Every structure is written in C-alpha cells, then in structure tokens.
Amino acid sequence: LIGYIIFFLDKNNALHIVDIFAANKDISIFKELISNLIIYSKEENIGLAKCVTLNGNTTLKKVFRYTGFIRSRQSR
C-alpha cells in the first residue's frame, strides 16, 4: 500500500477528508494524492473541503498549504 485518501461528500456537496495515508509519510505521495483529489473536486464542482486529520499534523498542513487545496485558518 502506497497511499490513500478516505473522504465523503455531504448533502451540501462539501468534501470531508476523514483519513489520508502515505507510506513513510512521503510528502511526494501526499502531494500526488491531494493533486488527484483536486482534479476530482474540480470535475464534481466541489467548492468546500474539510480535513479533520489536520489537527496537530504539521506535515499535512504544509502539504495542503503547498497544494493550495485547503487554507488553514491562520492564512484566511
């Protein structure tokens, strides 16, 4: 297993990421996973995303900030 993202869409078409994994916490794998999720989100016209796994995870925060997919509350 190299990596995965588990997510769901709620009734308002908001995307909720409940789990994300990359082997050896490899940032390039995280970036690839998130890039593919961005493509999916654009194709499905999803305008809002929430990732509950960001709390206390500085690596994921950096990756999400780098990809521009999810802004942290500090950068709003």
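The shown structure was predicted, so the numbers you read here are calculated from the model rather than taken from an experiment.
Proximity of a side-chain donor or acceptor of Asp26 to a complementary backbone N or O of Ser28 within less than 3.5 Å is detected. Here the side chain of Asp10 pairs a donor or acceptor atom with the backbone of Asn12 at under 3.5 angstrom.
In terms of hydrophobic clustering, with Ile, Leu, Val, Met, Phe, Trp and Tyr side chains grouped at heavy-atom distances under 4.5 Å, Ile2 and Ile17 are assigned to a common cluster. Ile27 and Ile38 fall within the same hydrophobic cluster, defined by Ile, Leu, Val, Met, Phe, Trp and Tyr side-chain heavy atoms under 4.5 Å apart, directly or through other members. Clustering ILVMFWY residues whenever any of their side-chain heavy atoms sit less than 4.5 angstrom apart, transitively, puts Phe8 in the very cluster that holds Tyr4. If you chain together hydrophobic residues whose side chains sit under 4.5 Å apart, Ile6 and Phe21 fall into the same group.
Of all the heavy atoms in Gly3 and Ile29, the pair that sits closest is CA-CG2, 4.4 Å. When all heavy atoms of Ser41 and Leu15 are compared, the closest pair comes out as OG-CD1, 3.8 Å. Contact record, Asn45 with Asn13: O-ND2, 3.5 Å, taken as the closest heavy-atom pair.
Heavy-atom contacts from other residues, nucleotides or ligands closer than 6.0 Å to CG of Leu9 number more than 12.
Residues satisfying the ring pair (Phe, Tyr, Trp, His ring centres under 6.0 Å) test with Phe7, not counting sequence neighbours, are Tyr40.
Between Val63 and Leu33 the shortest side-chain heavy-atom distance does not fall below 4.5 Å.
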